[in-house]
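Report on the structure given below.
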Amino acid sequence: MRFLSAFFSSIFLLSLFVACESAGKKNVSHTKVIADSEFDNHSYSNIRKIRTKHLHLDLDVNFEKKKIYGVARHEMENFGADTAIFDIKGLEIQKITLGKTIEKETDFLIGQWDKDSVLGQPLLVKITPKTKYINIYYQTTEKTEAIDWLSPELTTGKIHPYMYTQGQAILTRSWIPLQDSPANRLTYSAKVSVPKDLMALMSAENPTEKNADGVYEFEMKQAIPCYLIALAVGNLTYRKLGPSCGVYSEPEMIYSCVNEFVDLPKMIDAAEKLYGKYQWEQYDLIVLPYSFPFGGMENPRLTFVNPTLLVGDRSLVSVIAHELAHSWSGNLVTNASWDDFWLNEGFTVYFENRIMESLYGKEIADMLALIEFQELQVDLKEIAASDHPEDTKLKLKLAGRNPDDGMTDIAYVKGAFFLKTIEKTVGREKMDIFLKAYFKKYAFQTITTEKFVTFLNTQLLQPNKLSFNSNEWIYKEGIPNNCIKIVSPRFEAAQQLADRFAAGEDIFKKEIKWLKIKGRKRKKKLIIQLTRDKYVAQEWQAFVRRLPTTIDPELMRKLDANLHFKTWENAEVRTEWFTLGIRSGYLEIRPNMERFLLKVGRRKYLSPIYSELAKTPENLAWAKSVFEKAKGNYHFVSRSSIQRILYKK
Ligand code: BES
Ligand code: ZN
């Protein structure tokens, strides 16, 4: 590694220089380093002075070493800078060169880690005001947090290894050295070498078949924020689901995938009818291994999906509607910083619900919204009592914190209910015209909350002479009084059933009915009994949530005997069943729960279960023993969250 002498000239860079490890004389805090990038507190990059407009990646994916050996070739738009600053985290930088056809090595400097190791390190590269091409030769390390390397046992086929990346929010810098801010958009291309028996896919134009030499080339022609650069490599196969959509997975689960996601073409039609043409040509899904820490991740052209969605009864397809909606909110119009995260997620949850309504009707959409609204109430209480009660505002101030802290139901559900309340005030027709115009106007741009407010005022509220308390929704804590109320008779009926059951009624009592059949003298005897298929998953979720916070294990046993919650493939209901079981001392769920914890890595399910277990010493000890066995199958995102829950660090 070559170190520099005196090339950093500006005052900002001098203070940064002093903060760097290699020259660390004075104790200059890392906040000074950030000061240049006020618009994004989570990136060291100086994108206002120089920014990447195209990135080409040369990658060699090595499963034996669990490493990527790479070159990140940045084509820059340079506004006269003599230093380019990139973000890195847990990467080893070998050398950096300048130039396109002829490359010349240049000096670089790696800054200190930030206090909590959230941001990683700034990488400063010496350039000239005319520099356009910067090539960073690097490799990933065990500290690379974005990548999950899976040995064959952790896949469904159990023969081939697998790997995938997760970039959002600020993990892309741990597998590619780049300017890791959503405020910049870039196009990218890549050449990726993988073992010959595996297929590589990216958030780009993709192959549908394996090729013989294991070298895959990719191109993403539309400019995207870099948290959406993604890669997956495994034994994969493809099936078409419609004219421009389909699904990838390991061959062993492709049939279930096709069955679960048959409605995808209809969802795309519904979305386009609502808010304009789909802008990314192709929309595919890849169903990843169970360790994937999210339900879905909206990587453009290739949504990453958790296999827990393969319930068999299509009861979790709203996650697909959600990720598809991100093709507009998030991928087309992107939050400028993680403080504006609600612009990505709140709009997406609103849009998701509209897609669900188009396909499955208002009753289903309302129940889904009510389920989310109940979750919001829990988050609101928790956040209000936490060290950061201000986190119930839509616009956040996450400087000095992990942007993951903003991933709460405030952004998702308060954000969506803000839009639902506006819709109710102005009427659906005007709302849809407004949203269509919003996606058109800001397509392929990043947007701040403030810009959105101006657009809302000038395009929707003022022309209709309406006043609306947007500022209260965005800049004040809690939920404003004008928030719409959703009434769902089906949801209420499920709650009443729970009340009756908890009060001791035998809801499984057999009823005998006599049915008259045309042309037959004798009536037919019908035995009617409550079974799980009488209601949809959302109704059962309403039912389980309505039961008392702890109940007699005997009652849980009775429900399981009739409704089989503890083995239901619907992980939403199962997770809530497990947490109720832990609170109620319903011990025989343990083997089942253990199997679930060993198999599934989605944080949304792991967190509540481990948190509930952490409440008593005996359960905590059991949870730790399970976690120690399971953690090799969790992605960094989930592993670190659960570590904090169990070990409070
Ligand atoms: N983009 C998010 C996932 C995400 C957010 C990853 C922030 C990292 C940082 C994705 O669209 C999402 O919201 N997934 C949800 C699904 C959903 C239906 C709300 C999830 O995984 O739970
Ligand atoms: Zn989302």
Side-chain angles (χ1 to χ4, degrees), residues 42 118 145-146 148 164-174 180 182 203 224-230 267 285 287-288 290-300 302-309 311 315-335 337-356 365 368-369 371-373 375-376 379 396 398 401-416 537-538 541 570-572 575 600-608 635-638 640-641:
H42 298 105
V118 172
E145 295 168 346
D148 193 3
Y164 64 86
T165 65
Q166 167 59 39
Q168 200 183 11
I170 56 167
L171 299 182
T172 306
R173 65 188 66 174
S174 80
D180 197 359
S203 48
I224 56 166
C226 70
Y227 70 85
L228 295 175
I229 302 176
M267 285 188 176
L285 308 169
V287 179
L288 294 166
Y290 280 91
S291 64
F292 185 54
F294 298 106
M297 175 66 214
E298 67 272 23
N299 298 314
L302 185 67
T303 281
F304 282 23
V305 173
N306 193 295
T308 51
L309 264 59
V311 191
S315 56
L316 294 180
V317 292
S318 62
V319 177
I320 303 296
H322 178 95
E323 304 312 330
L324 172 66
H326 271 306
S327 308
W328 286 258
S329 43
N331 298 4
L332 206 55
V333 181
T334 307
N335 54 206
S337 79
W338 300 115
D339 289 349
D340 304 297
F341 182 55
W342 79 274
L343 288 175
N344 272 18
E345 297 299 343
F347 275 71
T348 299
V349 172
Y350 173 84
F351 193 172
E352 165 198 342
N353 199 252
R354 296 291 305 275
I355 296 173
M356 292 305 285
L368 286 163
I371 286 170
E372 290 161 355
F373 197 68
E375 286 160 13
L376 173 63
D379 262 17
L396 298 172
L398 295 170
R401 295 168 62 194
N402 194 324
D404 241 26
D405 291 0
M407 206 194 160
T408 69
D409 278 322
I410 303 304
Y412 283 80
V413 186
K414 182 181 174 184
Q538 289 74 33
Q541 211 166 348
N570 183 309
E572 297 285 330
T575 298
V600 174
R602 182 173 174 190
R603 183 168 63 179
K604 184 184 180 196
Y605 303 140
L606 299 181
S607 291
H635 181 280
F636 164 80
V637 164
S638 293
S640 54
S641 297

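Just so you know, ligand 1 is whichever comes first in the structure, and atom 1 is the first atom listed for that ligand.
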(request) Could you check atom 15 (C) of ligand 1 against the protein and tell me its nearest heavy-atom contact, residue, atom and distance included? (result) Glu323 OE2, 4.2 Å
(request) May I ask whether Arg603 places a heavy atom under 4.0 Å from ligand 1? (result) no
(message) Show the atoms of ligand 1 that are less than 4.0 angstrom away from any heavy atom in Tyr412.
(response) 2 (C), 5 (C), 12 (C), 13 (O), 19 (C)
(request) Quick one: look up the protein heavy atom nearest atom 22 (O) of ligand 1 and list residue, atom name and how far away it is. (result) Arg602 NH2, 2.8 Å
(message) Please classify the Met407 to ligand 1 contact at 4.0 Å (heavy-atom distances, strictly less than): side chain, backbone, both or neither.
(response) side chain
(request) Would you please say whether a donor-acceptor pair under 3.5 Å links the side chains of Glu345 and His322? (result) yes
(request) Could you tell me whether the side chain of Asp379 and the main chain of Asp409 form a donor-acceptor pair under 3.5 Å? (result) yes
(request) Indicate yes or no for a side-chain donor-acceptor contact from Ser327 to the backbone of Leu324 under 3.5 Å, with no hydrogens or angles considered. (result) yes
(message) In the structure I gave you, are the side-chain heavy atoms of Leu316 and Asn570 within less than 4.5 Å of one another anywhere?
(response) yes
(request) Can you pull out the closest protein heavy atom to atom 10 (C) of ligand 1? Residue, atom name and distance to 0.1 Å, please. (result) Gly296 O, 3.3 Å
(request) Give a yes or no on whether the backbone of Val637 and the side-chain of Ser640 come within a donor-acceptor separation of less than 3.5 Å. (result) yes
(message) Among all protein heavy atoms in this structure, tell me which lies nearest to atom 5 (C) of ligand 1, with the distance rounded to 0.1 Å.
(response) Gln168 OE1, 3.3 Å
(message) Geometry only, no angles: is Lys604 polar-contacting ligand 1 at N/O separations under 3.5 Å?
(response) no
(message) Quick one, Val305 and Ile320 - any side-chain contact, counting heavy atoms below 4.5 Å?
(response) yes
(message) As an exercise, identify every atom of ligand 1 less than 4.0 angstrom from a heavy atom of Gln166.
(response) 6 (C), 8 (C)
(request) List the atom of Ala146, the atom of Leu171, and the distance in Å for their closest heavy-atom pair. (result) CB-O, 3.4 Å
(request) Run the numbers for me: atoms of ligand 1, each under 4.0 Å from some heavy atom of Phe341, listed by number. (result) 5 (C), 7 (C)
(request) Look at atom 2 (C) of ligand 1 and say which protein heavy atom is nearest, naming residue and atom and giving the distance to 0.1 Å. (result) Glu345 OE2, 3.3 Å
(message) Test your reading of the model: is there a side-chain donor-acceptor pair from His42 to the backbone of Leu398, 3.5 Å cut-off?
(response) yes
(request) Please write down residue, atom name and distance for the protein heavy atom closest to atom 21 (O) of ligand 1. (result) Gly295 N, 2.6 Å
(message) With a cut-off of 2.8 Å, does Glu345 put an N/O/S atom close enough to the Zn ion (ligand 2)?
(response) yes
(request) Please confirm whether the backbone N or O of Asn299 pairs with a side-chain atom of His326, one donor and one acceptor, at under 3.5 Å? (result) no
(request) Find out whether Glu323 and Phe294 are in side-chain contact, i.e. whether some heavy atom of one side chain is under 4.5 Å from a heavy atom of the other. (result) no
(request) Report yes or no: does Tyr227 have a heavy atom closer than 4.0 Å to ligand 1? (result) no
(request) Determine which of the N, O or S atoms in His322 is closest to the Zn ion (ligand 2) and give its atom name. (result) NE2
(request) Mark up the atoms of ligand 1 that fall under 4.0 Å of a heavy atom belonging to Glu298, in ascending order. (result) 1 (N), 2 (C), 10 (C), 11 (O)
